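Positions are given from 1 along the sequence. Quantities reported herein were computed from a predicted structural model and do not represent experimental measurements.
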Amino acid sequence: MNHQTIIVLDFGSQYTQLIARRLRELSVYSDVWPPDTPIEKIRARNPVGIILSGGPKSVSEPGAPKCDPQVYDLGKPVLGICYGMQLMADALGGRVAPAPQREFGHATVSVVRGAGPFGPDDPAALFSEVPDEIRVWASHGDFVAAAPDGFAVVATSANAPVAAMAHPERQLYALLFHPEVVHTERGLEILRNFAFGVCGCTGDWTMASFVDEATTRIRKQVGSGRVVCALSGGVDSTVAALLIHRAVGDQLTCVFVDNGVLRLDEASQVRKRFERLQLPLVFVDASQLFLNRLAGVVDPEQKRKIIGATFIDVFEEQATNLGRVDFLAQGTLYPDVIESVAIVGQSSVIKSHHNVGGLPDRMRMTLVEPLRELFKDEVRVVGRQLGLDEEFVVRQPFPGPGLAVRILGAVTPDRLALLRRADAIVAEEVRREGWYVRLWQSFAVLLPVQSVGVMGDERTYEYTAAIRAVESKDGMTADWARLPHDLLARISSRIVNEVKGINRVVYDISSKPPSTIEWE
């Protein structure tokens, strides 16, 4: 791959992946690497720029992550964000101290124009075409009390005398706020100014080029081997299967497993759809096996791990039935990897994903994960590039553990039946009102809470359903959707009247972060 690349060194911020995502929006390829990546590896990759991410630590803490200080002398533009700015200041002789007033949330930043003796090289280059005052998203307990020698202060805020600094001669820039999050006004323009104005990017990375490169990569990895692909019916595994089929043709066999925790009529619908796509498909009904293993389990992490392990068992059996199989393909995405384990850099574990973390030693298959570095909306673009029906492309994400993580508490056939009917009503009404494609996800959750109700002059004591609907671009952050009250009223009325066993409906108005999209 010969694309211009900006490397992001990950110091542990939950926003790190958003930096890469925003750069890709600008058609600039970005890799996220650990902070202690050897300088020789960085030099060999020959990036056009380097970004130092935010992070939860203080630079003065023992064990705080650091990068090789030679990063600042590579002759490549470097942008420090939040912790990355503090690290840059500390390494180059500035002073970092605990902030008198910590900033978590919105702050107002004032840009200082024309600062510093740098002639035609404007220290405020990151703020080109950006207003002199912007609302930004801050998340820091420390601040830069004094910039290093040679740096110009190019932005300030009420609580931060150095909200941005720059040394254009050395191509070093830093921000104490997060331009990558949507809460920062003109944040994308600031990143664009760094990528195009400072690093000289031309925007040469497209999904069409990704498809060609992924096809070549899969052919090289698979060779003459045979691949079995786990199909869930969602856009991720479908696009992965189409990419692999494009690369190796009949060497691929797709396997769809009914795990017993799918939505209403989903197994039969998925089977019909894949027959239309003419992908080689084996259908396996393992629903009873999954439900037996989930019986009595209430801990969400245990549910996820049981489902992941059972998937592996089922695929191992299917691989044996198919004869020699060398590779297992999965539709793993970047957010799955980041949320599951600190594979890249320092990011904290949020939750396990059934399709992340490798295979047990007893399995003699190698993973093929062609989408592992992509975000969901990028996968949708790839789907369109491959000619996938829009029906598939716009399908909302559905978790690998299915309804098991949308039933809080034990998973039983009766509770699954309640949730399936409630969830189907949510889907029908959201589609009818034209909200389905506007939402990242919309679904029902069955709570382990029973409450008193009145139906037909009789007392009831039944379950509560929560409705979750969120808007997002990539699943890394999300905001609860302001659905029309009439739509919510219809959903509530239908669930209470049509689903015997639910007598109360509530609406979830929490965002990610601090909440996750799924309840478990």
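- Residues C82 and G54 come closest through the heavy atom pair CB-CA, 4.2 Å.
- Side-chain contact between K376 and D236 is present, with heavy atoms from C-beta onward closer than 4.5 Å.
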Could you walk me through whether R468 and D423 satisfy the salt bridge (charged side-chain N to carboxylate O under 4.0 Å, His left out) test, starting with their C-alpha distance in whole Å, then the side-chain angles of each, then the deciding distance to 0.1 Å, before giving a yes or no?
CA-CA 10 Å; R468 183 73 159 140; D423 189 71; over 6 Å; no
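- Side-chain contact, T202 with D204: no donor N or O sits under 3.5 Å from an acceptor N or O.
- When all heavy atoms of A241 and L252 are compared, the closest pair comes out as O-CD2, 3.5 Å.
- Using a 4.0 Å cut-off between charged nitrogen and carboxylate oxygen, D212 and R246 count as a salt-bridge pair.
- Between the side chain of R415 and the backbone N or O of A410, at least one donor-acceptor pair lies under 3.5 Å.
- With hydrogens and angles ignored, the 3.5 Å screen pairs a side-chain donor or acceptor of T310 with a backbone N or O of I306.
- For residues 318-332, every residue pair satisfying the salt bridge (Lys or Arg N to Asp or Glu O under 4.0 Å) rule, not counting sequence neighbours, is listed here: R324-D326.
- Between the side chain of K66 and the backbone N or O of L87 there is no donor-acceptor pair closer than 3.5 Å.
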Going through the checks in order, is the side-chain contact (heavy atoms from CB on, under 4.5 Å) test met by L277 and T238?
CA-CA 10 Å; L277 284 174; T238 302; 3.9 Å; yes
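- Remark: D389 CG to R273 CZ distance equals 10.0 Å, nearest 0.5 Å.
- Here the closest non-hydrogen pair linking N259 and F311 is ND2-CZ, 3.8 Å.
- Of all non-hydrogen atoms in P370 and L243, the two that sit nearest each other are CB-CD1, 4.1 Å.
- Within the 4.5 Å cutoff, the side chain of Y72 has heavy atoms near those of the M88 side chain.
- Of the listed residues (I81, V181, L52, V32), just one forms a side-chain contact (heavy atoms from CB on, under 4.5 Å) with I19, and that residue is I81.
- Side-chain contact check for K76 versus Q171: every heavy-atom pair is 4.5 Å or farther apart.
- Counting only distance, with no hydrogens or angles, the side chain of Y83 and the backbone of P65 share a donor-acceptor pair below 3.5 Å.
- Taking CZ of R45 as the start and CD1 of I7 as the end, the distance is 6.5 Å to the nearest 0.5 Å.
- Checked by atom type and distance alone, the side chain of Q330 never pairs as donor or acceptor with a backbone atom of E369 at under 3.5 Å.
- With rounding to the nearest 0.5 Å, the separation of CD1 in I190 from NE2 in H178 is 12.5 Å.
- Between V411 and the choices L416, V298, L419, V405, the side-chain contact (heavy atoms from CB on, under 4.5 Å) rule is met once, by L416.
- Judged by distance alone, the side chain of Q441 and the main-chain N or O of V470 form no donor-acceptor pair under 3.5 Å.
- Atoms SG and CG, from C67 and D10 in turn, are 12.0 Å apart once rounded to the nearest 0.5 Å.
- Between R43 and D68 there is no salt bridge, since no side-chain N of the basic residue sits under 4.0 Å from a carboxylate O of the acidic one.
- In terms of modelled atom types and a separation under 3.5 Å, the side chain of E378 and the main chain of M207 share no donor-acceptor contact.
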Between L483 and E429, is a side-chain contact (heavy atoms from CB on, under 4.5 Å) present by the stated rule, with each step listed?
CA-CA 11 Å; L483 295 181; E429 292 298 332; over 6 Å; no
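- More than 12 heavy-atom neighbours from other residues, nucleotides or ligands sit within 6.0 angstrom of CG on D299.
- Partners of R431 according to the salt bridge (Lys or Arg N to Asp or Glu O under 4.0 Å) rule, which considers only residues two or more places apart in sequence or in another chain, do not exist here.
- Ionic pairing of R420 and D265 is not present here: no N-O contact between side-chain nitrogen and carboxylate oxygen is shorter than 4.0 angstrom.
- Within the 4.5 Å cutoff, the side chain of P399 has heavy atoms near those of the R406 side chain.
- In this structure a side-chain-to-backbone donor-acceptor pair under 3.5 Å is present from S237 to S232.
- Rounding to the nearest 0.5 Å gives a distance of 10.5 Å between CG of D479 and CD1 of I509.
- Side-chain atoms of T215 never come within 3.5 Å of backbone atoms of A247 as a donor-acceptor pair (strictly under, hydrogens ignored).
- Taking the side chain as every heavy atom from C-beta outward, V394 and V235 never approach each other to under 4.5 Å.
- More than 12 heavy atoms of other shown residues, nucleotides or ligands fall within 6.0 angstrom of atom CD in E61.
- Side-chain contact between L79 and L126: present, with at least one pair of heavy atoms (C-beta onward) separated by less than 4.5 Å.
- A cation-pi contact, defined as under 6.0 Å to the ring centre and within 45° of the axis, links R263 to F398.
- Considering only heavy atoms from C-beta on, E25 comes within 4.5 Å of R21 through its side chain.
- The heavy-atom pair separating L9 from P34 by the smallest distance is CD2-O, 3.5 Å.
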If you apply the rule side-chain contact (heavy atoms from CB on, under 4.5 Å), what do you find for R22 with L18, and how did you get there?
CA-CA 6 Å; R22 300 300 174 237; L18 290 180; 4.0 Å; yes
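- Put simply, CG on N193 and OH on Y173 are 10.5 Å apart, with the number rounded to the nearest 0.5 Å.
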Show me, pair by pair, the donor-acceptor contacts under 3.5 angstrom made by side chains of residues 279-290, not counting sequence neighbours?
unit_1, atom_1, unit_2, atom_2, d
D285, OD1, S287, N, 3.1
D285, OD1, S287, OG, 2.7
Q288, NE2, N292, OD1, 3.0

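- A 4.5 Å side-chain heavy-atom check between F194 and P77 finds at least one atom pair inside the cut-off.
- Listed by chain and residue number, nothing satisfies the side-chain hydrogen bond (donor to acceptor under 3.5 Å, both in side chains) test with Q318 (two or more places apart in sequence, or in another chain).
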Start with the C-alpha gap between L242 and V382, add the side-chain angles, then the distance that decides, and say whether side-chain contact (heavy atoms from CB on, under 4.5 Å) holds.
CA-CA 10 Å; L242 286 171; V382 172; over 6 Å; no
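- The two residues G383 and V393 have their closest heavy-atom pair at C-CG2, 4.3 Å.
- Checked by atom type and distance alone, the side chain of R304 pairs as donor or acceptor with a backbone atom of E520 at under 3.5 Å.
- E428 is linked by a side-chain hydrogen bond (donor to acceptor under 3.5 Å, both in side chains) to R494, counting only residues two or more places apart in sequence or in another chain.
- Judged as a salt bridge (Lys or Arg N to Asp or Glu O under 4.0 Å), and not counting sequence neighbours, R226 has no contacts.
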